[in-house]
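Letters go in sequence order (proteins before strands), and every chain restarts at 1.
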Number of protein chains: 2
Amino acid sequence: MSGLATQATQDYLKVIYQVCEDHSRASTGQIADELGVTPASVTGMLKKLAASEPALLSYRKHQGAVLTPEGERLALQIIRSHRLLECFLHDTLGYAWDEVHEEAERLEHAISGPLGRRIADLLQEPEHDPHGAPIPTRDLQMPADCSVPLDELTPGQDACVKRVSDRDPQLLRYLAEISLIPGTELTLLQPLPFSDHVRLRYGGDNEAIIISARVACQVFVIPHQRAGEAGKHDCLIAGEQLT
Amino acid sequence: MSGLATQATQDYLKVIYQVCEDHSRASTGQIADELGVTPASVTGMLKKLAASEPALLSYRKHQGAVLTPEGERLALQIIRSHRLLECFLHDTLGYAWDEVHEEAERLEHAISGPLGRRIADLLQEPEHDPHGAPIPTRDLQMPADCSVPLDELTPGQDACVKRVSDRDPQLLRYLAEISLIPGTELTLLQPLPFSDHVRLRYGGDNEAIIISARVACQVFVIPHQRAGEAGKHDCLIAGEQLT
DNA sequence: ATAATTTTTTAGGTATGGCTAAATGCTACT
DNA sequence: AGTAGCATTTAGCCATACCTAAAAAATTAT
């Protein structure tokens, strides 16, 4: 009742989990986009996953899907496998951080529970993948992530890069080049007038760096609390759910 | 024209290659047994693989299949991946030699060419998997294997264990227990009368050890040439083919 | 409120790769 | 040479998971 699940099922659960982290329900269209299939295919699959025993998600017509606790458990297993594999490929096999995602995407469906555990042991239970995304714990709790997109920071505010999106290898190479990587301390400068670009200062040299909004919204930071200011973004517990 | 191939296709090519190592053609029934599917399914699949472009095997009704050079290339890729993974799981992740086969069986379909190469680099291009089976080289040549089943040795003959079958974890645990592992030097003693068991002497102590024929035929050894005796088993080049 | 637009669902099809049952072809024996 | 027994193939079917095109529902704009 818990070991199996086709690769397609695993892929659906994974993206539904991730979509639900932002919007509380995952719509047919969003899932279709993420998986690169047509919305019609998604409708069919959602029905199947909702009707399976035990149900992996709950689905109501025209209102998308939410995972059941069982579905979420499976989703977290895949996500843990994926992120552990990314760490492993990066740390042990010397993969660049823009190469790990694609490879892990295929391997995540093939590794067994014991193999996942051995990898985690070897790496001493890492907490983040190479892009800074939190790794669900051994007992499948998703650590809280209180980061916000860089472009939502208030000008003048200091922050620390927590994680970056791992989807686009080109973006990752660019970010590595400009050293905008997890752990980087930065300050958001005043915006350019008539521009959707963002100005930052960070690193050893005192240069201001300008990045496009398309990039900025893929970089997630933890704002530093400023004295006397109520936290605009209090650390909300994300991805928690009662089981 | 060479990257893809479904998992089922890969499984078929792999077992056809292995069956053809012994018998020059692989029969429908043998393939079905190895894959755990019905002969009817095999017939259907062989037709498909023979009709594909490029053809991966040649198939004639009632006469089974042989791989084409292209099919053999793919088979050797999978076998190389499988055996590299076994080494990796064993050497780097501390798997026992009876655990590696099953895990590698799933992973072999998921790893990319580059990942295979990185693993081979990390392990410094190993020549044998943990059970002693030869690993196809980087350019997909299968190294010659001139070993013979232990039970085909002439009584009194000395030999060195080359490899053991990796199929049965229980057998592997047993062999590890009695230290009948690749590299072991041994002498075949006179057979027991009225018995299909085999008597051996090896290891530090001078004890004779008795193993059943069922075990003996799964252990492959390289006989030592005895002075004045023409080699009964000359080293034949196995698995070679012009491309 | 109604119309236009977008999203989602339904209906009907395709390709893979399995299965069973029945028919056919091979092989070995008398 | 005929036939029994085994291996193989054919025929017809099932499940998964995808697709397209058309219908229906929801959302947005007028």
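- Atom-to-atom, NE2 of A/His62 to C1' of C/dT8 comes out at 4 Å; the value is rounded to the nearest Å.
- Whole-Å rounding puts the A/Arg60 CZ to D/dA25 P distance at 17 Å.
- Between A/Tyr59 and the phosphate of C/dT8, there is no side-chain N or O to OP1/OP2 separation shorter than 4.0 Å.
- Look at CG on A/Leu49: it is 10 Å from P on D/dC18, rounded to the nearest Å.
- Every ring-ring contact (aromatic ring centres under 6.0 Å, His included) that A/Phe88 has, sequence neighbours left out, goes to B/Phe88.
- Salt bridge B/Asp129/B/Arg163: absent, no basic N to carboxylate O contact under 4.0 Å.
- OP1 and OP2 of D/dT9 both lie 4.0 Å or more from every side-chain N or O belonging to B/Lys47.
- Of the side-chain N and O atoms in A/Ser27, one or more sit less than 4.0 angstrom from OP1 or OP2 of C/dT8.
- Inter-residue side-chain proximity for B/Ile78 and B/Leu13 is flagged as unmet; no heavy-atom pair is nearer than 4.5 Å.
- Within the 4.0 angstrom heavy-atom criterion, base atoms lie near B/Thr43.
- Electrostatic pairing of B/Asp121 and B/Arg138 counts as a salt bridge here, judged by a charged N lying under 4.0 Å from a carboxylate O.
- At whole-Å resolution of the value, CG in A/Leu46 and C1' in D/dA17 are 13 Å apart.
- The pair B/Arg83-B/Glu86 fails the salt-bridge criterion, with no side-chain N (NZ, NE, NH1 or NH2) lying under 4.0 Å from an Asp/Glu carboxylate O.
- One atom, CG of A/Asp33, and another, C1' of C/dT7, lie 11 Å apart when rounded to the nearest Å.
- Here the options are B/Glu105, B/Arg106, B/Glu99, the test is side-chain contact (heavy atoms from CB on, under 4.5 Å), and the partner is B/Glu103; only B/Arg106 passes.
- Between A/His131 and A/His101, the distance from one ring center to the other does not fall under 6.0 angstrom.
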Item checked: B/S/- contact track for nucleotides 15-21 of chain C, protein heavy atom under 4.0 Å -> --SSBBB

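- Phosphate contact (OP1/OP2 of C/dT10, side-chain N/O of A/Lys61, threshold under 4.0 Å): present.
- One atom, CD of A/Gln63, and another, C1' of D/dT27, lie 13 Å apart when rounded to the nearest Å.
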